[in-house]
Visitor: 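This structure is in structure tokens; I'll ask about it shortly.
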Protein chains: 2
Amino acid sequence: MKRIADSTVRRLSIYLRFLEEFEGRGLATVSSDELARRGGTTSAQVRKDLSFFGSFGKRGLGYSVPELATALREILGLGREWRVVIVGAGKIGAALAQYRGFKQRGFTIVAAYDTNPDKVGGRLDGIEIRDIARLERDVAADHPDIAVLAIPAEGAQAVLDRLVYAGIKAVLNFAPMSLHAPSDVTVKTVNMAMELEGLSFALTNRE
Amino acid sequence: MKRIADSTVRRLSIYLRFLEEFEGRGLATVSSDELARRGGTTSAQVRKDLSFFGSFGKRGLGYSVPELATALREILGLGREWRVVIVGAGKIGAALAQYRGFKQRGFTIVAAYDTNPDKVGGRLDGIEIRDIARLERDVAADHPDIAVLAIPAEGAQAVLDRLVYAGIKAVLNFAPMSLHAPSDVTVKTVNMAMELEGLSFALTNRE
DNA sequence: ACTAGCTTGTGAAGGAATTCACAAGCCCCG
DNA sequence: CGGGGCTTGTGAATTCCTTCACAAGCTAGT
């Protein structure tokens, strides 16, 4: 399969969000222009993005909302349940465990891990907090698909290495640092410090 | 000033993180190659990124760690204090209020806002929670630089409009939706649902 | 059945970001 | 003080992404 740009995938996600809104409102069709306006892009971009995966529209009419939504869910792999483990039961980990968006989109949190013995054995919004020493054994047994790293920067690379070794292929990293993994492992980093500095830069360098 | 790509600014942020680590360890100099290896990029990329702002290195030797760190902090506008308001005192808002990274980098949270009367008047890690009705008046009086949106998707655009009208020029958005603002207002969106779907896509479409 | 009016899908053009590749410059050593 | 070994800074080449522009195709109205 042709290599798909990251930016394309992110936009597909955005389109899907609007399609779901339209589905809820019972709209039958939508044009690339309408999707573009909502998503802050251009109609050509929308059509190009979709064209990588097939042709979903009807000329002169636009796209069927439910059909395109289904197609996008298929493309994004949202047709199945993904099993997620959260590593780190601190503030971020706790906020994530409670986040409704996971379940809503088919991401099931199967366990949380922490080093702190006071936390181990407890629960986070119903999710069991386990000793991180069990990480490898549990991953081997449960085969989760995705790991969320919600731990301080210092330990992040070491835990990532353990996850990779245990066979995890997708990681969402909240630790404020860049991580290294083999090319068959996808790591996405959400780094708030970086975003804030981007804002600081924008405020500082406006002409 | 020449337009600087977003990706460049994000990388500067990453380089600064490593420089601070090196500063802590007392290292005197660093090469573009070393920064590249750590940051997951190439040495040419590092040098090109820096070249937009000046020339900071010594041929044959590399970059002085403290000098380059100072230069990057200057470029990123981190030499001053930025005043931040958090809108939304829910789970995400609460997690953000406690996040040490803000203060550490010169971002001071001056207030939080919420609609819920049970929360208004309370405190979030020492930060006063105010009625969102006061938003415009407070912004006019306090002149915060940055607003963090930690509210559900539905109300996000309306609150953003109010913030823009009140004069805010930089927004960090945690609501899972794309927002529209005038071009002189910088909006950065952190969207976890999108990142998760990116992982789902990567897991689904591996060749 | 034909025409007018839209909207898609897509090659080609254009623009932006990354990588290449090498001259210029610095340091150290003999 | 001159040469060898590095490393920067930067035009040129390349690769990647976005935008343009238009033929093809669908619908509705007559």
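Numbers restart at 1 for each chain; the letters A, B, ... are given by sequence-line order, proteins then strands.
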Visitor: Does A/S32 make a side-chain N or O approach to OP1 or OP2 of C/dT8 shorter than 4.0 Å?
Guide: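 Indeed, a polar side-chain atom of A/S32 lies that close.
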Visitor: Taking atom NZ as the centre, does A/K58 end up with more than 12 heavy-atom neighbours from other residues, nucleotides or ligands that are less than 6.0 angstrom away?
Guide: no
Visitor: Looking at the side chain of A/Y63, which of D/dT19, C/dG9, C/dG25 is the nearest nucleotide?
Guide: C/dG9
Visitor: Between C/dT18 and B/R11, is there an OP1 or OP2 to side-chain N/O distance shorter than 4.0 Å?
Guide: yes
Visitor: What's the CG-C1' distance between A/D33 and D/dC20, to the nearest Å?
Guide: 15 Å
Visitor: The side chain of B/R59 is closest to which nucleotide in this list: C/dG25, D/dA23, C/dT10?
Guide: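 Given the options C/dG25, D/dA23, C/dT10, the side chain of B/R59 is closest to C/dG25.
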Visitor: Please determine whether side-chain contact (heavy atoms from CB on, under 4.5 Å) holds for the pair B/L16 and B/L78, giving the CA-CA distance in whole Å, both sets of side-chain angles, and the decisive distance to 0.1 Å.
Guide: CA-CA 11 Å; B/L16 178 54; B/L78 300 177; 3.7 Å; yes
Visitor: Among the candidates D/dG11, D/dT27, C/dC27, find the nucleotide nearest to the side-chain atoms of A/K58.
Guide: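 The answer is D/dT27, which lies nearest to the side chain.
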Visitor: Could you tell me if B/D49 and B/Q45 have a donor-acceptor pair between their side chains, going purely by distance under 3.5 Å?
Guide: yes
Visitor: If you only use heavy atoms from C-beta on, which nucleotide in C/dT19, D/dC17, D/dT18 is closest to the side chain of A/A5?
Guide: D/dC17
Visitor: Please give, in whole Å, the distance from D/dT15 P to A/D6 CG?
Guide: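 For the pair A/D6 CG and D/dT15 P, the rounded distance is 20 Å.
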Visitor: For A/F52 and C/dT8, give me the distance from atom CZ to atom P, rounded to whole Å.
Guide: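 Rounded to whole Å, this separation is 17 Å.
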Visitor: Can you work out whether B/D49 or A/F56 has the more 5'-proximal nearest nucleotide on DNA chain C?
Guide: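 Mapping each residue to its closest nucleotide by heavy atoms, the 5'-most match is A/F56.
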Visitor: Ignoring backbone atoms, test whether A/Q45 places a side-chain nitrogen or oxygen under 4.0 Å from the OP1 or OP2 oxygen of D/dT19.
Guide: yes
Visitor: With nearest nucleotide decided by heavy atoms, which residue, B/S55 or A/G60, maps closer to the 5′ end of DNA chain D?
Guide: B/S55
Visitor: Return yes if some donor-acceptor pair links the side-chain N/O of A/D114 with the main-chain N/O of A/K119 below 3.5 Å, else return no.
Guide: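 Here the side-chain-to-backbone pair does not exist.
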Visitor: Are more than 12 heavy atoms, taken from residues, nucleotides or ligands other than A/E20, located less than 6.0 Å from that residue's CD atom?
Guide: yes
Visitor: Within less than 4.0 Å of OP1 or OP2 of C/dT7, is there a side-chain N or O belonging to A/S31?
Guide: no
Visitor: In whole angstrom, give the distance that lies between atom CG of B/L61 and atom C1' of D/dT8.
Guide: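 The distance from CG of B/L61 to C1' of D/dT8 comes to 10 Å, rounded to the nearest Å.
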Visitor: Can you figure out which of D/dC22, D/dT10, C/dC27 approaches the side chain of B/R47 most closely?
Guide: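 Among the listed nucleotides, the one closest to the side chain of B/R47 is D/dT10.
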Visitor: I need the CZ-P distance between B/F53 and D/dT10, as an integer number of Å.
Guide: 14 Å
Visitor: Take atom CG of A/L68 and atom P of C/dT8, then tell me their distance rounded to the nearest Å.
Guide: 10 Å
Visitor: Distance check needed: C/dC22 C1' versus B/K48 NZ, whole Å only.
Guide: 13 Å
Visitor: Rounding to an integer number of Å, can you tell me how far A/L50 CG sits from C/dT10 P?
Guide: 11 Å
Visitor: Taking the side chain of A/S7 as its heavy atoms from C-beta onward, which of C/dC26, D/dC17, C/dT10 lies nearest to it?
Guide: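 The answer is D/dC17.
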